[in-house]
Each structure stands twice: as C-alpha cells, then as structure tokens.
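Here the structure comes first, spelled out in structure tokens, and everything after it is commentary.
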Amino acid sequence: MNLKKYLVRALHRLQKGPGYTYKELLVWYCDNTNTHGPKRIIKEGPKKKLIWFFLTLLFASLVFWQWGILINTYLSYNVTSSLSIGFKTMKFPAVTVCNANPFKYSEVKPLLKELDRLIEAALERILQPTPGNSSQDVSPPLNLELWNQIPLVLIDEHDKDNPVILDIFETNQTARDNDTAVGNETSVSTLPALCPQCSHQGSANCTYRNFTSAAQAVTEWYILQSTSILSRVPLHERIRMGYQAEDMILACLYGAEPCNYKNFTQIYHPDHGNCYIFNWGMDEEALNSSNPGAEFGLKLILDISQQDYIPYLSSAAGARLMLHQQKSFPFLKDQGIYAMAGTETSIGVLVDELERMGYPYSDCTMNGSDIPVKNLYSQYNTSYSIQACLRSCFQNHMAEICGCGHYMFPLPAGVNYCNNEDNPGWAYCYSSLRSSIKQRQICIDSCKETCNDTQYKMTISMADWPSEASEDWIFHILSYERDMSTNVTLDRNGIIKLNIYFQEYNYRTISESAATTIVWLLSSLGGQFGFWMGGSVLCLIEFGEIIIDSLWITIINVISWCKGLKQRRARARYPDAPPTVSELVEAHTNLGFQDEAGGALPRAGALPPEPGTPPPNYDSLRVQPPEALGADSDGD
Amino acid sequence: MRWYYLNTNTHGCRRIVVSRGRLRRLLWILLTLSAVGLILWQCAELLMNYYSASVSVTVQFQKLPFPAVTICNINPYKYSAMKEYLSELDKETKKALETFYGFSEGKSKVRRSVDEWNSTGSDFFQQIPLLKVEDFSRTATDLHSGQKRKIEGSVFHKDSSIVNSGDSNDIIGFQLCDANNSSECALYTFSSGVNAIQEWYKLHYMNIMAQIPLETKEKLSYSADDLLLTCFFDGLSCDKRHFTRFHHPLHGNCYTFNSGENGSVLSTSTGGSEYGLQVVLYIDEADYNPFLVTSTGAKIIVHDQDEYPFIEDIGTEIETAAATSIGMHFTRSRKLSKPYSDCTETGADIPVENLYNKSYSLQICLHSCFQKAMVDSCGCAQYAQPLPAGAEYCNYKKNPNWMYCYYRLHEKFVKEQLGCQQICKDACSFKEWALTTSIAQWPSAVSEDWMLRVLSWDKGQKLNKKLNKTDLANLMVFYKDLNERFISENPANTLVILLSNFGGQLGLWMSCSVVCVIEIVEVFLIDSLSIVLRRQCQRASKWWHGRRGGAAKAPPAGDVEGQGHANPACLDEDLPTFTTALRLPLPQDSPLPRTPPPNYSTLRLEAAFTEQLPDTLELGRH
C-alpha cells in the first residue's frame with residue numbers, strides 16, 4: 001500500500017511540475033533550477049541558446065575537472081607547518097653525565113692484566129721489528145691463549161701478489177695462501193711499510209681486517225678483547241668498578257638551589273660505565289625552568305680523575321654529556337658531546353621541537369607500539385626512540401645469527417653476552433654483521449622515527465677553569481669536601497665545570513596541521529561549483545530529482561509501450577473482435593497512456609496547459625487517473 | 001535592462017526591480033552596490049595573496065649521503081720550503097719590528113740581515129713601506145730612510161672608527177699610491193701594530209705567491225701523507241686515496257674526503273661517532289710561517305660534493321692536542337623561485353660568470369663578481385680567487401699599482417657600490433649540515449705515551465723523532481642522527497583554489513557565478529552596443545534622408561517616437577540607468593516572441609508584473 005501511495009504521489013508531482021515527457025521535464029528543470037546556466041538556455045533567442053548550451057556544457061565539465069583536482073589534493077594529505085619561537089617555562093632537559101672512561105683502571109687491573117702485558121709486548125715487537133732485541137727481559141711467559149684467538153699480524157706488501165704475513169710473536173714468515181685468505185681482502189695499500197692487520201678466526205674461514213694505521217689496529221683489537229673479558233663480569237660488579245656518584249659529582253647547583261649527587265639517577269651505560277642523569281623524571285616530577293640565563297641553569301663540577309683511565313681503551317679524556325628528554329634513554333655515542341678537562345663549558349640550550357601528525361599525513365610512530373622490532377630498551381622503562389629501535393634491531397639479529405648478544409646493547413630474553421670462551425667465533429660474526437649493508441637496511445626500513453621529535457640545540461663555549469689566581473683555593477676546597485683531607489688530591493687534568501642553561505629564546509616549535517580538511521574540501525568544491533555555475537548542494541539534489549523523474553517517465557513509457565504491444569497483439573489476433581469492456585474502460589480513463597503509446601509527442605504538447613493552470617491546484621481532481629494507472633501497473 | 005534585471009541570476013538586481021517602495025529599493029541598490037564592492041575588494045585581496053608560499057617540514061629517516069669534508073692546515077705552505085721566496089720579506093718584517101718596537105730575536109743576527117738587505121737594495125718594498133704616522137702633524141716616518149715626510153691624500157683607517165686614534169701618537173700604517181698619478185695616495189693605518197704588520201705582510205706575500213706557478217705551489221704545500229696520520233670511516237680503514245687534493249690559494253693544499261670525484265659518494269646508514277669519519281691530523285707546528293698565521297691547528301669545512309668549500313669564510317678551526325667531535329644534523333631546504341621569491345635555481349639567469357667549477361651559490365657569485373670587476377678596472381686578477389679566462393694574477397712587476405686599485409675596489413665592494421650584492425641572488429635550494437662541536441683532551445694523560453709511540457711508527461721511518469702531542473689533532477665527524485629535515489616551500493594557492501575562493505566570494509555576496517559575469521557582459525556591452533549602433537545608424541540614415549528631401553521636413557520627431565515604440569530597447573542609447581529602463585514603454589508584447597514558446601512560469605511572472613507595473617512606473621516618475 002505504501003508503495004502505491006508513493007507511486008501515486010510521484011506521478012502527481014510529474015504531472016504538476018515537469019510533465020510527462022522528457023522534453024517537458026528538461027524544460028521544466030532548466031527553467032526552475034537554481035543552477036545558472038540552464039535557465040539561460042531556454043530564456044534566450046535561438047542563436048544565443050546554442051551559445052548558452054555550449055557554455056553550460058563547458059562550465060559543467062570545468063566544474064567536474066576541478067572537483068577531481070580538489071579531491072585528489074585532499075587525498076594526498078598535505079600538511080602545513082607553523083613555526084613559533086619564544087620563551088616559556090619549560091621542563092629542564094634531562095642531563096646525563098658520564099666519564100669518557102668506563103671503569104677505574106685501579107679496579108679492573110686484575111682482569112685486564114694479561115691483556116695489557118700482551119699488548120705491551122706486541123707494541124714492543126711492532127715498534128722494534130728486529131727480533132731478539134726485546135726478548136731478553138720478558139720475564140713471565142705470556143699467556144698466548146688470548147692472543148691466538150684473535151692475533152694481530154703484520155702484512156708485508158712489498159710484493160703485491162704475494163703479501164707476507166708476519167705474526168708478531170712468531171718469527172716464521174708465512175706467505176699468505178690465496179685460497180685460505182677469504183673475506184674482505186681489499187688491501188691495496190701502497191705503503192712501503194708493513195701493514196698491521198687484525199684477523200678474526202672463524203671456524204674455517206679467516207678474514208683479515210686491514211688497517212692503515214697501527215694505532216687503530218691496536219685500539220680495535222683491545223676493545224674486542226676487553227669486551228669479551230668484561231662481558232663475563234656480573235653487572236653489579238661492573239657498576240662497582242665504575243665511577244661512583246659521590247666521587248664524580250663534586251658540586252651541583254640548580255638555579256639558586258643546591259643539589260648533590262643524590263639528585264642524580266644512576267644508570268649503567270655499556271660504553272661509558274656508570275652514568276648519572278639529572279632530572280630524568282622517572283621517580284619525581286621533572287623540574288621546570290622559568291628563567292633564561294646561566295644564573296638559573298644547572299652548574300656542575302665534575303672530577304674525571306684522568307690518572308685512573310684505562311690506557312688502551314679510551315684515548316680521549318673528558319666528560320661525556322648529553323641533553324635529552326625526560327624518560328628517554330641517553331645514546332651518548334650518537335648525541336653526546338665532550339667536555340674538556342680543565343675548562344668551564346657553557347651550554348646554552350634551545351629546545352627544537354617538531355610536532356607531526358601521524359598516519360596518514362606522515363610516516364611516523366606515536367609511541368613505537370606499531371613497530372615490528374622488540375624494543376630492548378624498555379627494560380630501562382624508557383620511551384621509544386629511533387636509536388633504541390635500531391640498536392634493538394641489531395641486537396635481535398645478532399642473537400639470532402651469532403647466538404649471543406653484543407656487550408654494548410641490552411640483552412633479549414634468554415640470550416647471554418658473547419665472550420671468547422663460549423662463542424669463539426663471535427668476533428667474526430659480529431664484524432660481518434656490523435659491516436653488512438643488508439642488515440642495516442632491514443633495520444632502517446623497519447624502524448620509524450617518532451612523531452614528536454625534540455632536539456636540544458646547544459651553543460657551546462669554553463674557557464679555562466679554574467683561573468690561575470683561583471686555582472689554589474678551589475682545588476683545596478674541593479679536595480677537602482671530597483676526601484676530608486687537607487692535601488690537594490685534584491688537578492687540572494681531572495676537573496670540569498659545566499653550565500647548562502636556557503637561552504633567551506628557549507623553544508622553537510614546528511607543528512604540523514592538515515592543509516586540507518574536509519571543511520576545506522567542501523568549501524572549495526562549493527566555491528568551484530558556485531564560481532562556474534552558481535550552484536550548490538541543492539542544485540545537485542534538484543538534479544537527482546530530475547533523474548528520478550526521468551526514471552519514472554521511462555517506467556511509464558515502458559509500461560505503456562508494453563501495453564500497446566499487448567493491445568496490438570490482441571488486435572492482431574482478433575482483428576475484428578470488439579474491445580472488451582474493461583479495455584474500453586481503461587482506454588477511456590487513461591487518456592495519457594494511449595497518447596504516448598501512439599508516440600504522439602505533439603499531442604503531449606497540448607496536454608500541459610492543464611498542469612500549468614494557476615496556482616491553487618489541488619490534486620483531488622486528478623486523483624482518479626493515476627490510481628487507475630497504478631492499479632494497472634501493479635497488474636502488469 | 002528590465003529584462004536583464006528580471007532574468008538575471010544575481011539576487012540583488014532582481015530584488016531591486018521586484019521590491020516596492022522607494023526606500024526599500026534604495027536600500028537594495030545600496031546593498032547590491034556594497035556587495036559588488038566587497039566582492040571586488042576580496043577578490044583583489046585573493047589575487048594579491050596568490051603568490052604566497054606555505055612551508056612544509058618533513059623528516060625522513062633514511063640512509064644519508066655523507067658530505068664532503070675538506071681539511072686544511074691553517075698554515076698554507078711549509079715555511080722551510082718557502083724560505084727562498086720569503087727570506088727578503090721576512091728580513092724586512094723583522095727590521096720593521098725592530099725599528100718600531102725594539103723587538104729583536106738575537107740582535108746580532110738581525111743587524112747582519114739588515115746589512116744584507118741594504119746591499120741587495122730591493123726597490124720592491126720601498127714602494128710600499130711601513131710608516132709610522134704622527135696623527136696630528138700628519139707626518140710619517142719612513143721605515144728605511146727614517147726621514148719624515150708630509151702625507152698627501154686621504155687617510156683611511158682600516159680599523160673601525162670606534163678606536164680613538166687621537167691619543168696614540170704613533171700609528172702604524174702603509175701608504176698606497178696610484179702609480180700613474182703619484183699625488184693620489186691612500187694611507188691605511190691601524191690602531192695596533194699586530195694588525196698592521198700582518199696586513200702589510202699579507203700584501204707582499206700575495207705579491208710573491210702570485211708569481212709562483214701552481215705546480216710549484218702544490219709541491220711547497222703539505223702532501224696527503226704529511227697531513228693525514230690515520231683515517232677511519234664507517235668502521236673501516238681508509239687512506240689518502242679517499243681524499244682529493246684541492247689547492248686553495250690562501251690555505252695551500254687542502255684535502256677533501258668523499259669529494260665524489262670518482263663518481264661515487266659514500267653514505268652512512270648508522271649514526272654515531274663510531275660510524276663517521278675519524279682522522280688524526282699531523283700539524284707540523286714548527287714549520288709554521290710566523291707572520292702569516294698566528295694560530296695553530298687545522299680548518300675543516302663540511303659541504304656538499306658539488307659545493308665549493310669557502311674555507312676562509314666558513315671553516316671551523318680544530319685545536320691541536322685535542323679530540324674534536326663534530327656531530328652533524330642534516331637539513332635540506334628548497335625555496336620556490338619566481339614569482340614566489342627572488343632566488344635562482346641554477347644560477348644560469350645571473351649575469352655573472354661562475355669562475356668556480358662548482359654549482360652556484362651566493363658566495364661564488366659575489367666572489368666571481370668582484371674578480372670580474374677587478375680584472376676590468378685593475379687589469380689583473382686577485383690572488384685569492386680563481387682566474388677568469390685570459391687574465392692573470394696581479395703582481396708588482398707587471399701591475400705596479402694593483403694594490404691601490406684593489407683596496408679602492410674592495411672598499412667599494414664592501415660599501416655595495418659595485419652592484420654585486422644586487423646582481424647576485426640566493427640559490428633556491430641548499431643543503432646545510434648543522435654542526436655541534438665539542439672538544440676533549442686527547443691523548444689522555446695515561447694513553448699519551450703509547451699513542452704517540454705508535455703514531456710515530458705509523459708516520460714511518462722517515463720521521464725519526466717522536467711526535468709531540470701539540471702536533472696532532474684528532475677529528476671525528478659523524479651524523480648525530482640519520483633524520484633528514486627537508487624544509488620546502490609549496491605554493492599556498494593553486495589556480496583551482498583561487499577560482500574556488502572567487503566562487504565562494506561571488507556566491508556569498510551575490511549568489512553570482514561566471515554565468516552572471518557573462519550575462520553582464522552580454523547585456524551591458526554587446527546588447528547595448530548593438531542598440532547604440534543601430535540607433536546611430538538610424539540617425540545617420542535619417543539625417544541623410546533629411547538632407548535629401550530638404551523641403552519636406554515634417555516627419556522626423558513622430559517617426560523617431562514611433563520607432564522607439566516599436567523597438568523599446570532602442571531608447572536607452574546612453575547609459576542604461578535604472579529609471580530610463582523603467583520609463584520605457586511597456587514591452588508587453590515584445591518579450592513573448594523572444595522567449596521560447598512553452599514557457600509557463602515566465603508567462604506567469606510576466607503577468608504578475610503587468611499588474612505591478614503601474615506602481616513601479618509611478619515610483620519612477622516621482
């Protein structure tokens with residue numbers, strides 16, 4: 001019933017408004033629409049009509065073309081950036097300070113004794129290559145077990161094709177067999193001198209790693225050996241061997257408030273031993289700084305006790321420090337800076353923030369939860385960062401391929417650190433993994449940067465400290481405070497002053513916002529439509545309406561055509577038979593259909609004046625015919 | 001007109017005609033006019049802002065190309081090798097030091113050298129002697145003759161005028177004269193003898209160097225083996241083959257790491273100090289030129305492979321006996337060129353020839369521009385910049401007055417009178433490596449001993465003395481992170497958006513579109529023009545007719561009116577004002593034939609109007 005009612009109503013509308021034929025419909029539409037072009041078409045003279053027709057077509061196609069462009073622009077998710085610079089009260093950055101040297105030499109000496117004797121002897125041999133010269137005073141026999149795992153060799157390359165390998169502790173010279181020397185053998189050194197090389201013995205294949213400088217070779221060799229030794233030492237022991245907070249941090253002042261080593265959080269960093277973080281924000285609220293200038297920043301005096309450095313491990317002396325965000329892990333090798341002993345280093349800080357919108361605007365991650373790499377640094381309770389991801393990725397690969405974890409990175413569950421005894425081939429495995437471009441690319445591809453990127457731009461300046469005039473009393477007081485002794489136990493080589501403060505403009509924020517929002521899209525679409533054709537959404541609805549109407553007309557036409565066909569067939573069958581009563585009745589009541597079935601459009605032209613009669617046009621009069629039609633169409 | 005107002009799509013116009021009452025109509029006229037004004041204003045505003053750019057910042061984490069790193073010793077040439085060229089100049093300088101300041105290192109030695117000088121008697125230095133000026137009397141004491149003489153010409157203070165030169169009665173300076181016209185001289189004075197002597201020394205030094213051919217100079221300077229002790233990149237050893245020599249006129253031989261000369265550029269896929277470039281430099285402090293350079297160390301510059309390293313302008317100095325760690329952060333920027341901003345993409349549109357064999361930069365343009373001006377006005381090229389084709393470096397023998405010319409020109413250049421600053425434009429895209437430099441002590445106290453021994457061994461047997469730590473500098477250059485910031489300007493508006501905005505404005509104030517504009521053009525220009533033309537035609541023909549049948553002068557007036565009636569639009573020949581339009585005789589019949597037949601609504605509207613019309617007509621007459 002509902003359907004029927006609807007149909008009836010629709011037909012009424014057709015009758016009243018657009019009429020029964022396509023042409024009527026079009027004319028009616030053109031006349032009544034709010035879109036500007038079509039109206040002109042019918043209002044103008046015949047010549048202009050044509051012009052207007054083409055103009056309208058042109059504009060319509062323009063509109064659609066531009067709409068396409070706009071939608072495309074919207075779907076490309078562009079962003080605009082806005083920049084703001086100024087001073088505001090901000091969280092003071094977390095400050096990590098470490099000693100460049102990881103352990104006190106006095107503490108680790110027993111562990112590294114063998115190694116040091118080895119390297120000293122090796123250096124002797126290298127520097128005085130004539131054998132027998134220094135062999136007289138080698139009193140205790142050297143433990144060559146360490147040596148044999150990764151020996152240092154010299155390669156004589158006077159003869160390009162047959163380089164001669166000289167093992168330092170064995171006098172026999174072995175010509176290198178080209179078949180066994182596999183790997184990155186790229187030594188084309190033109191140096192006439194001998195070339196010291198470091199070789200890693202894997203199970204079967206042996207790779208010589210070339211160095212152009214003995215200093216590098218010795219340092220690399222020492223680092224490999226010492227990591228292997230130290231990785232067997234338990235963590236608490238390693239922490240004990242490092243520098244303690246009370247020894248290292250001699251004085252601390254934040255703004256006007258005194259602070260001491262207890263305000264620092266201890267963290268064990270594989271590169272630098274014990275590191276201390278000020279204002280990390282793990283346990284308590286992060287400190288704010290609301291004033292620019294050195295007076296309101298952090299002032300530190302550190303003692304790095306340079307005499308206690310491990311001689312072969314770290315050749316640069318100083319403190320290593322880094323500014324980073326609260327609750328993030330300090331990656332000192334990447335972002336850290338040095339502070340030189342015997343100087344006052346002033347660091348003005350500008351916080352450079354980049355706030356980005358996540359997917360789909362830019363390819364970044366909000367908190368790292370959608371990254372397929374397991375973050376090993378989460379055991380420090382720190383937030384995600386790209387450095388953490390890259391290192392975790394490397395360590396995971398290492399654990400997978402070499403079967404053990406590298407000493408510099410945190411361990412995945414169920415894996416131990418590599419050492420020479422348990423994993424004899426680890427050094428080779430590590431070197432090949434480290435230099436493999438493929439592995440790096442995998443990690444780069446799987447890690448994403450964070451959306452909110454904060455960098456601390458530092459303006460670093462240095463001056464000598466303490467001055468000659470003040471040297472005496474400063475050393476005196478600091479020694480007294482540290483050791484409760486009256487003798488001076490500090491010297492210029494071990495003492496560092498640091499000032500860290502906000503600059504006059506302490507932030508520069510670049511924030512992204514979507515360049516194209518849905519509002520923008522709609523207003524641009526509307527603007528285009530309006531500009532060319534003066535149209536709006538209502539016009540689109542009108543157009544839709546007309547399409548529905550034309551559909552109706554089609555249906556009506558089809559029905560009447562079918563009916564006509566039926567009748568004709570009936571007539572063909574009984575050419576002389578008189579029409580039945582019902583047929584007669586129908587034919588009588590449903591004038592419109594017969595008209596159209598006959599395809600008599602000119603007659604349709606005669607019909608419209610009826611709907612065109614003045615406004616008070618009640619439907620009641622014309623209810624009857626459509627109803628009959630409705631019944632008919634149902635019947636069909 | 002009426003027809004237009006009624007049928008137009010713009011809302012305001014229709015209102016004017018349709019609304020009743022004088023006040024209301026006036027109101028509508030005002031509103032329509034103000035809406036038109038607003039549209040024009042806003043559209044003008046939109047047009048003016050069309051060429052504005054919005055900035056976008058993207059951060060990309062990726063494998064980054066390692067930049068080229070150029071390293072120079074601060075001292076350009078080995079002093080020991082330069083002795084034969086510079087001995088006379090040095091003697092002269094020492095003598096000057098002695099006579100003006102009473103400074104001498106071993107009196108007897110200097111005296112002897114003075115005697116020697118007297119015997120050689122080079123007129124070379126005599127032309128530009130150092131002078132001690134007594135400011136008040138404006139007399140100068142010559143270094144050699146000791147005689148006083150009056151200074152002619154103008155006095156230039158090379159130092160800033162802030163220094164009160166009145167109280168110091170002995171200012172050191174030198175005088176430059178135009179060789180052709182000796183009366184035209186310029187005196188350059190300095191408040192401090194240190195500056196004066198260095199500047200004076202440099203002047204003569206450039207003179208001498210300009211005469212030495214390039215190959216000799218390259219030999220006189222440091223070789224790669226001299227400068228580089230060890231090299232380590234991305235965890236692997238590297239050596240001098242990774243460095244390209246580049247001869248800088250003021251800094252001697254410089255070495256560029258990763259210059260991309262063999263076609264491949266190294267890249268880093270891991271940040272951090274271990275994976276960057278680590279070099280130990282040998283700075284032979286004992287072989288420094290005492291007058292030319294007064295500081296010790298090396299200079300480095302981080303630049304793009306196809307950029308020219310302006311080491312004298314933007315180099316970073318490296319201290320000896322220290323490890324300098326330089327963390328880099330990479331930023332790439334791109335500006336939009338014309339018409340958004342005044343920058344150049346390739347430099348091809350700049351009328352200054354690029355003398356450097358590198359890609360365009362502002363600095364290159366300025367230097368080239370200056371060099372060109374120098375060649376044009378002085379006839380020879382300045383030593384510190386590359387040679388233009390067909391020119392040669394200035395030296396005293398060939399161009400005796402080039403110094404005077406140079407100083408004059410340089411002053412003009414600094415004061416922007418040469419026009420170089422106006423001609424040269426920024427480059428549109430540039431790469432920038434922001435450096436964070438920090439210094440640590442190196443080698444540390446405990447590792448110093450073995451480090452120096454091994455490095456001495458590295459250096460080779462030819463150097464049998466043990467290295468001193470003040471001869472060494474450790475340098476680390478690495479990426480802090482592999483984030484590349486790309487700052488680019490994008491056009492804030494495209495044509496599509498501009499049109500959208502126009503459409504929005506037109507629609508908002510008038511509900512108008514391009515169709516309306518065409519209508520307006522149609523009605524006000526084409527139609528009225530044709531009407532006017534027809535009118536003129538008629539007039540002309542009438543006048544013609546009138547002349548012909550001179551006696552029969554009865555018909556005209558009535559005829560015109562009759563025609564006007566027949567063709568109502570004909571009447572508004574001049575500006576089609578609103579009232580004239582209304583005063584037209586009612587076009588009762590004319591609209592019908594014009595509009596297409598089955599036009600019911602218009603018919604009805606027309607009908608409605610005929611009823612209203614008497615009203616409006618009355619109003620019009622009031």
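As the structure is a computational prediction, the values presented were derived from the model and not from experiment.
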| request: Count the heavy-atom pairs under 4.5 Å between each of A/Ala215, A/Gly530, A/Ser315, A/Ser314 and chain B, then report the option with the highest count. | output: A/Ser315
| request: Please examine the side chains of B/Met476 and A/Tyr338, heavy atoms only from C-beta on, and report whether any two atoms are closer than 4.5 Å. | output: yes
| request: List the atom of B/Ala445, the atom of A/Gln307, and the distance in Å for their closest heavy-atom pair. | output: CB-NE2, 3.9 Å
| Checking A/Ile444 against chain B: side chain, backbone, both or neither under 4.5 Å from a heavy atom? | both
| message | On a heavy-atom basis, which atom in A/Met340 and which in B/Glu319 lie closest, and how many Å separate them? | response | CE-OE2, 4.3 Å
| message | Can you tell me which portion of A/Ile460 sits under 4.5 Å from chain B's heavy atoms? Options are side chain, backbone, both or neither. | response | side chain
| remark: Value for OG (A/Ser362) from CD (B/Gln60), rounded to nearest 0.5 Å, stands at 11.0 Å
| Hey, does the side chain of B/Trp442 reach the backbone of A/Ala317 with a donor-acceptor pair shorter than 3.5 angstrom? | no
| Contact class of A/Leu313 relative to chain B, heavy atoms under 4.5 angstrom | neither
| field | Minimum-distance pair of heavy atoms, taken over all atoms of B/Val57 and A/Ser81 | value | N-OG, 3.1 Å
| Got a second to check how far B/Phe478's CZ is from A/Asp334's CG, nearest 0.5 Å? | 8.0 Å
| request: Sort A/Trp65 into side chain, backbone, both or neither according to what part of it lies under 4.5 angstrom from a heavy atom of chain B. | output: neither
| said: A/Gln335 vs B/His329, test: side-chain contact (heavy atoms from CB on, under 4.5 Å). Steps then yes/no. | reply: CA-CA 10 Å; A/Gln335 317 245 322; B/His329 186 80; over 6 Å; no
| request: Would you kindly say whether A/Gln455 and B/Asp481 are connected by a side-chain donor-acceptor distance under 3.5 Å? | output: yes
| note | Interatomic distance, CG@B/Asn490 vs OG1@A/Thr80, rounded to 0.5 Å, equals 10.0 Å
| Looking at OG of B/Ser273 and CG of A/Asp271, how far apart are the two atoms once the value is rounded to the nearest 0.5 Å? | 8.0 Å
| If only atom types and distance count, is the side chain of B/Gln441 paired as donor or acceptor with the main-chain N or O of A/Ala341 below 3.5 Å? | no
| query | Are any non-hydrogen side-chain atoms of B/Trp450 and A/Leu123 less than 4.5 angstrom apart? | reply | yes
| Of the backbone (N, CA, C, O) and the side chain (C-beta and beyond), which part of A/Phe59 lies under 4.5 Å from a heavy atom of chain B, both, or neither? | side chain
| query | Hey, which of B/Thr58, B/Val59, B/Val55 has the most heavy atom pairs under 4.5 Å with chain A? | reply | B/Val59
| note | Interatomic distance, OG@B/Ser267 vs CD1@A/Ile437, rounded to 0.5 Å, equals 7.0 Å
| query | So, are B/Asp234 and A/Arg434 salt-bridged, with charged N and O less than 4.0 Å apart? | reply | no
| Would B/Arg485 and A/Asp352 count as a side-chain contact (heavy atoms from CB on, under 4.5 Å) if you check the C-alpha gap in whole Å, the side-chain angles of each, and the deciding distance to 0.1 Å? | CA-CA 12 Å; B/Arg485 268 193 196 189; A/Asp352 191 10; 3.2 Å; yes
| Side chain A/Gln216, main chain B/Cys231, donor-acceptor under 3.5 Å | yes
| note | Max heavy-atom pairs within cutoff under 4.5 Å with chain A, candidates B/Ser54, B/Ala322, B/Cys238, B/Ala492, goes to B/Cys238
| field | Engaged part of A/Leu83 at the chain B interface, taking heavy atoms whose separation is under 4.5 Å | value | neither
| request: Could you grab the distance from atom OG1 of B/Thr437 to atom CD1 of A/Ile337, nearest 0.5 Å is fine? | output: 10.0 Å
| Is the shortest heavy-atom distance from the side chain of B/Ile439 to the side chain of A/Met462 under 4.5 Å? | yes
| said: side-chain contact (heavy atoms from CB on, under 4.5 Å), that's the test. Do B/Gln62 and A/Glu449 meet it? Break it down for me. | reply: CA-CA 10 Å; B/Gln62 59 180 22; A/Glu449 65 267 48; over 6 Å; no
| query | Are the side chains of A/Lys333 and B/Tyr275 in touch, meaning some heavy atoms are under 4.5 Å apart? | reply | no
| said: Given heavy-atom pairs under 4.5 angstrom as the criterion, report whether the side chain, backbone, both or neither of A/Thr459 touches chain B. | reply: neither
| Using a cut-off of under 4.5 Å for heavy-atom pairs, which of A/Leu332, A/Val79, A/Ile496, A/Asn493 has the most such pairs with chain B? | A/Asn493
| Top contributor to chain A interface from B/Lys63, B/Glu274, B/Met451 [non-hydrogen pairs under 4.5 Å] | B/Glu274
| message | At a heavy-atom distance under 4.5 Å, which candidate from B/Gly327, B/Ser438, B/Gly276 has the highest pair count against chain A? | response | B/Ser438
| Has A/Trp52 got more than 12 heavy atoms of other residues, nucleotides or ligands less than 6.0 Å from its CH2? | yes
| task | For chain A, find which of B/Ala323, B/Gly272, B/Ala440, B/Gly507 contributes the most heavy-atom pairs closer than 4.5 angstrom. | result | B/Ala440
Quiz: residues 495-503 of chain B side-chain donor-acceptor pairs under 3.5 angstrom, not counting sequence neighbours:
from: B/Ser500; atom 1: OG; to: A/Ser524; atom 2: O; distance (Å): 3.0
from: B/Ser500; atom 1: OG; to: A/Gln528; atom 2: NE2; distance (Å): 3.1
from: B/Ser500; atom 1: OG; to: B/Val496; atom 2: O; distance (Å): 3.0
from: B/Asn501; atom 1: ND2; to: B/Ile497; atom 2: O; distance (Å): 3.4

